Amino acid sequence: MIDALLRRPAGSGEFFADGVRLAVLFSLAAALLWYGPVDVALFFLVLGGTLVSRSLNISRLFDGLYGLTLLAAAWSSVLDVYARVGWWDLPVHFAATGVIAGMTYFLLSRLGVISVPERRPAPAAARLAVPVLVFALGLAVSVLWELGEWWGNSFVDAAINVGYQDTMGDLVAGGLGSLLAGVVMDQMVRRNPESAAPASGAGSPLQRRLNR
């Protein structure tokens with residue numbers, strides 16, 4: 001994974017994804033110069049997320065869209081777009097939770113924590129495995145996101161919108177985005193199982209013993 005992180009970009013997809021990462025770096029610099037510590041921490045999180053995606057053997061188009069979605073979500077918070085545009089919160093939760101859940105699936109499969117579907121056709125029940133798993137990951141991400149909003153409202157800025165209606169709407173939007181992401185991930189992995197194959201030495205001792 002370290003070698004993948006340090007490799008030079010090759011092809012339009014990788015240049016696009018690395019261009020998004022460069023935009024994240026510029027955003028972090030802008031936050032350091034003109035915004036507060038909370039905004040700086042937010043862009044550090046986005047930068048960390050985009051570095052994780054670069055270390056994975058995934059579609060660089062998805063990598064770039066993932067980073068662009070996180071960057072848009074971060075700037076929406078910094079510029080108070082959520083407060084100014086009431087409906088903007090839901091599409092951001094839909095898109096951001098979906099791509100984060102998908103990337104989490106790739107990361108866990110790369111670490112050997114979860115299995116990867118094979119390229120060959122599978123029974124209908126087996127084809128639900130990836131969408132259901134990504135959906136569950138997305139719900140977990142949504143809950144953590146809402147906890148973060150509650151913490152921010154309670155201890156950082158009371159202007160952060162929280163409440164029953166807001167929380168439920170965000171959870172539903174994040175869940176739907178994750179379900180769609182799960183369907184897309186299933187197609188991506190079945191077309192290219194190597195993109196989610198465990199790294200050398202990854203997985204539990206029992207898994208490694210069985211793979212010998």
Side-chain angles (χ1 to χ4, degrees), residues 16-17 20-21 23-24 27 31 35 38-39 41-50 52-53 56 58-59 61-109 114 127-189 196:
F16 164 61
V20 173
R21 270 179 279 275
V24 174
S27 298
Y35 296 98
V38 174
D39 301 322
L42 179 60
F43 283 116
F44 263 120
L45 284 175
V46 174
L47 178 61
T50 59
V52 168
S53 66
L56 300 176
I58 58 174
S59 162
L61 176 59
F62 176 59
D63 181 11
L65 292 175
Y66 161 81
L68 200 59
T69 302
L70 296 188
L71 187 59
W75 273 115
S76 294
S77 176
V78 172
L79 299 177
D80 291 327
V81 178
Y82 298 123
R84 298 175 184 174
V85 184
W87 54 267
W88 182 241
D89 188 44
L90 292 179
V92 170
H93 274 273
F94 178 89
T97 306
V99 295
I100 292 172
M103 197 61 68
T104 303
Y105 170 81
F106 275 121
L107 179 61
L108 292 177
S109 62
I114 57 178
R127 293 190 65 87
L128 293 176
V130 173
V132 169
L133 178 56
V134 176
F135 174 68
L137 291 171
L139 289 181
V141 168
S142 293
V143 170
L144 292 175
W145 192 332
E146 294 309 306
L147 286 173
E149 288 188 353
W150 167 82
W151 183 87
N153 173 270
S154 300
F155 302 105
V156 179
D157 186 355
I160 296 175
N161 187 29
V162 295
Y164 182 78
Q165 294 294 334
D166 176 75
T167 298
M168 294 307 297
D170 293 347
L171 289 174
V172 170
L176 291 175
S178 301
L179 186 59
L180 176 60
V183 174
V184 175
M185 294 303 105
D186 181 70
Q187 296 299 317
M188 290 173 62
V189 173

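Scope of the values below: all heavy atoms of this structure, side chains included, with no hydrogens, waters or symmetry mates. This structure is a prediction, so every number in the text was calculated from the model and none was measured.
The aromatic rings of W150 and F155 stand perpendicular to each other, their planes meeting at an angle above 60°, with 30° marking the opposite boundary.
In terms of heavy atoms, L171 sits closest to V143 at CD2-N, 4.0 Å. Contact detail for A74 and V46: the closest heavy-atom pair is CB-CG2, 3.9 Å. Taking both residues in full, the closest heavy atoms of G152 and I160 are given as C-CD1, 3.6 Å, listed atom of the first, atom of the second, then distance. Of all heavy-atom pairs between S142 and G174, the closest is OG-CA, 3.7 Å. When all heavy atoms of S53 and I58 are compared, the pair lying nearest together is O-CD1, 3.8 Å. Considering every non-hydrogen atom in both A181 and G98, the closest pair reads CB-O, 3.3 Å.
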Steps toward side-chain contact (heavy atoms from CB on, under 4.5 Å) verdict (F62, V184): CA-CA 10 Å; F62 176 59; V184 175; over 6 Å; no

Test log, rule side-chain contact (heavy atoms from CB on, under 4.5 Å), inputs N153 and N161: CA-CA 7 Å; N153 173 270; N161 187 29; over 6 Å; no

Evaluation steps, side-chain contact (heavy atoms from CB on, under 4.5 Å), between M103 and M185: CA-CA 9 Å; M103 197 61 68; M185 294 303 105; over 6 Å; no

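Here the straight-line distance linking atom CG of L65 with atom OG of S59 works out to 8.0 Å at 0.5 Å rounding. A distance of 6.0 Å separates CG of L90 from CG of D170, quoted to the nearest 0.5 Å. Atoms CG and OG, from L137 and S178 in turn, are 8.0 Å apart once rounded to the nearest 0.5 Å. To the nearest 0.5 Å, atom CG of residue L128 and atom CG of residue L133 are 12.0 Å apart. Interatomic distance, CG of L144 versus CH2 of W151, reported as 14.5 Å (0.5 Å rounding). A distance of 9.5 Å separates CG of L42 from CG of L70, quoted to the nearest 0.5 Å.
Side-chain contact between M168 and E146 is absent, with no heavy-atom pair separated by less than 4.5 Å. Under the 4.5 Å side-chain criterion, counting only non-hydrogen atoms from C-beta, E149 is in contact with D166. When side chains are defined from C-beta on, V189 counts as touching F106, because their heavy atoms get closer than 4.5 Å. Using a 4.5 Å heavy-atom threshold, the side chains of V20 and Y66 count as separate.
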Per-pair distances, 0.1 Å, donor-acceptor, side chain in residues 77-88, under 3.5 Å, sequence neighbours excluded:
{"unit_1": "Y82", "atom_1": "OH", "unit_2": "A73", "atom_2": "O", "d": "3.1"}
{"unit_1": "W88", "atom_1": "NE1", "unit_2": "S76", "atom_2": "OG", "d": "2.8"}

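Between the side chains of S27 and W75, at least one donor N or O sits under 3.5 Å from an acceptor N or O.
Judged by distance alone, with hydrogens and angles left aside, the side-chain atoms of D39 form no donor-acceptor pair with the main-chain N or O of A31 at under 3.5 Å. When atom types are taken as modelled, the side chain of R21 and the backbone of T50 share a donor-acceptor pair closer than 3.5 angstrom. For the pair T97 (side chain) and F94 (backbone), a donor-acceptor distance under 3.5 Å is absent.
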